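Reading through the structure tokens given below for one structure.
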Amino acid sequence: MENADIAKIFEDIADLLEIKNENPFRVRSYRNAALIISGLPESLRSIVERNEQELKNIPKVGKSIHEKIVEIIKTGKCKFHDELFKELPPGLLDLLEVSGIGPKKVQLLYDKLGIESVEELEKAAKEGRLRELPHMGEKTEEKILKAIQELKSHKGRFRISLAISYAEPLIEYLKKIPGVTEVEPAGSLRRWKDTIGDVDILVTCKKGASVMDKFVKYPEVKDVLSKGETKSTVILKCNLQVDVRALEGKSFGAALQYFTGSKAHNIAIRDRAKKMGLKVSEYGVFDEKTDKRLAGKTEEDVYKAVGLPFIPPELRENLGEIEAAEKGKLPKLIEIQDIKGDLHMHTTESDGGHTIEEMAAYAMQKGYEYIAITEHSKALGITHGLDEARVLKQIDRIDEINRRLKNFRILKGIEVDIKADGSLDLDADVLKQLDLVVAAVHSKFNMTAEEMTERIESAMSTGLVHIIAHPTARIIAVREPYPVDMPKLMQAAKKYGIIMELNSYPERLDLSDTYLRLAKDMGVMAAISTDSHNRQHMDFIRFGIHTARRGWLEKKDVLNTRPLKEVLRILKKEAQH
DNA sequence: GCCGTTTTCGGCCCGACTGTTTTCAGTCG
């Protein structure tokens, strides 16, 4: 039972209790717990195995949920959860997936028509049986059928890079509407989450501008789900949902704050405001008694009104940022201009698309001081990985190029394969001649967490490795991370002076935000690299930077914010282990 | 069910849109 499974159990309990019309705050407790658990860097299993009492440190986990976590880990089951499923059929949870269907309607459909599944709902809607129910009519039936179609074609969450590629042209389109003054993406896009459920866009405009009329006529719109004066929702042809909110300029800051979320962050902010006798909405911050408007024009004003400094969007997950802001202890987050070089890339020598010189030229154009060329090693035959002889040849070649370069340095590196037994794919005496050894797992992902942890630890302990690349090998929405005990791996990284990579490829973003924060907390340094396979890939660095910010990383936590000399010094020292 | 710089009891974010209603419930974010 991993954290995700346990979180799912609590999500199910919340849904079922809601359908049963239980106390909504009790429902929220289970939901809050699920949210926190799915974001924990350490597995609950290892926490319970070490010391059950440590569960008390997890916010939103009280006595009842504590007991259930222990029960689930020890028995693999949750009695309460099983009992709820005895009362209600499991298909009811699927009904909640249909947009426009909530717990009340599920309850009604089940009680009055005995509907237990999406198929039965679809049948009933087609037969016109739903209109017999209170508050339901012909239009509701149509809407439900449409929503079921939508669900069937649903692609799930979008990778952030993909969502941006659809959002940017729409933003340009909105900017051209007469009367529009500002257009800003908000929501998870502005927080730079690695995946995006839907795109939120905030528009400020003069009164009477026909923003919504124009928005729903955007050529890429497939379906209009709702259209009002200040809020409209559409589905694009690519199945991405987009919400647009239009407000006057004086509410811009409050609206941006509100629509950026996260929901959990906003609830905490509003809770805090309430205790101060204030009310926060998307229109501004108001005195609860006099209704006097205290802030709203800028986000800074909104935070100031509730006694806080500005909190960067990437931190707004209610994972301690409000407490840190209160104490003046927010991190000074890393910025893209802090990056001085890129330490993971490939060239035509293995599976890249540009030569060493072309990669270097592009990096210089970006203002970098250095790059590292890190080809694959021979075990990855499919990428034309380098054997010892070719590595030695490339070392000479790079030395030769470096002699011609001024104020720029190409580091001689490798992305050496970590084989199944934990050994490295190239001879030690060759690896020792390189400036930088990046090591990575590319095969046999189906090990147990214990085996995989041991495998990587063993590579770390050779004294030859500087950086572990894409440490979980996840491909977002395609391949799950391999099982590995990350806290233990971080401990080993600390022990051997190993740097952990944040791979900026938008499909990877590995380490994830949660693990980056764990690294920081454990004092392990990160390297933000692009793993470029052609020169434009170096621009992926922005995805890495924002993910690093989500992991609370500062300039000092990242190797490649350092000037060349210092990087070389650190690499040399690390290699002495 | 969780939580505590008013509290161990009594709170728990706030507003828009829709479809069905003659004044509002349900859903969503």
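Computed from a predicted model, the values in this text were never measured in an experiment. Hydrogens, waters and symmetry mates are skipped; everything else that's a heavy atom, side chains included, is used.
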Checklist entry - For A:Lys105 and A:Ile267, take the nucleotide of DNA chain B holding the closest heavy atom to each; which residue's nucleotide lies nearer the 5' end? => result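 Per heavy-atom nearest nucleotide, the more 5' residue is A:Ile267.
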
Checklist entry - Considering heavy-atom distances to DNA chain B, does A:Lys139 or A:Ser64 have its closest nucleotide positioned more toward the 5' end? => result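 In this pair, the answer is A:Ser64.
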
Can you figure out which of [options] approaches the side chain of [X] most closely?
| X | options | answer |
| --- | --- | --- |
| A:Lys143 | B:dC12, B:dG29, B:dT18 | B:dT18 |
| A:Phe25 | B:dC12, B:dC17, B:dT18 | B:dC12 |
| A:Ser281 | B:dG1, B:dC14, B:dC17 | B:dC14 |
| A:Lys263 | B:dG29, B:dA16, B:dT7 | B:dG29 |

Checklist entry - Hey, is the side chain of A:Thr230 poking within less than 4.0 Å of OP1 or OP2 on B:dG15, counting only N and O atoms? => result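 For A:Thr230, the contact criterion (side-chain N or O under 4.0 Å from OP1 or OP2 of B:dG15) is not met.
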
Next on the checklist: Regarding A:Glu138, tell me which of base, sugar-phosphate or nothing describes its non-hydrogen contacts under 4.0 Å with the strands shown.
Outcome noted: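 Answer is sugar-phosphate: A:Glu138 comes under 4.0 Å of backbone atoms only.
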
Next on the checklist: Nearest whole Å is fine: how far is B:dG26 P from A:Ile19 CD1?
Outcome noted: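 Going from A:Ile19 (CD1) to B:dG26 (P), I get 14 Å.
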
Item to check | Euclidean distance, atom NZ of residue A:Lys56 to atom P of B:dC2 [Å, nearest integer] | outcome: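 The answer, rounded to whole Å, is 12 Å.
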
Checklist entry - Should A:Asn239 and A:Lys222 be marked as a side chain to side chain donor-acceptor pair (under 3.5 Å) after you check the CA-CA gap, both sets of side-chain angles, and the distance that decides it? => result CA-CA 8 Å; A:Asn239 289 319; A:Lys222 183 171 83 177; 2.7 Å; yes

Item to check | hbond_proxy A:Tyr258 side chain to B:dG15 base (donor-acceptor, 3.5 Å cutoff) | outcome: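 Not at all, since no donor on one side and acceptor on the other fall under 3.5 Å apart.
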
Checklist entry - Got a sec, which pairs hit ring-ring contact (aromatic ring centres under 6.0 Å, His included) with one end in residues 207-229 of chain A, sequence neighbours left out? => result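 Every pair satisfying ring-ring contact (aromatic ring centres under 6.0 Å, His included) with a residue in residues 207-229 of chain A: A:Tyr173-A:Tyr218.
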
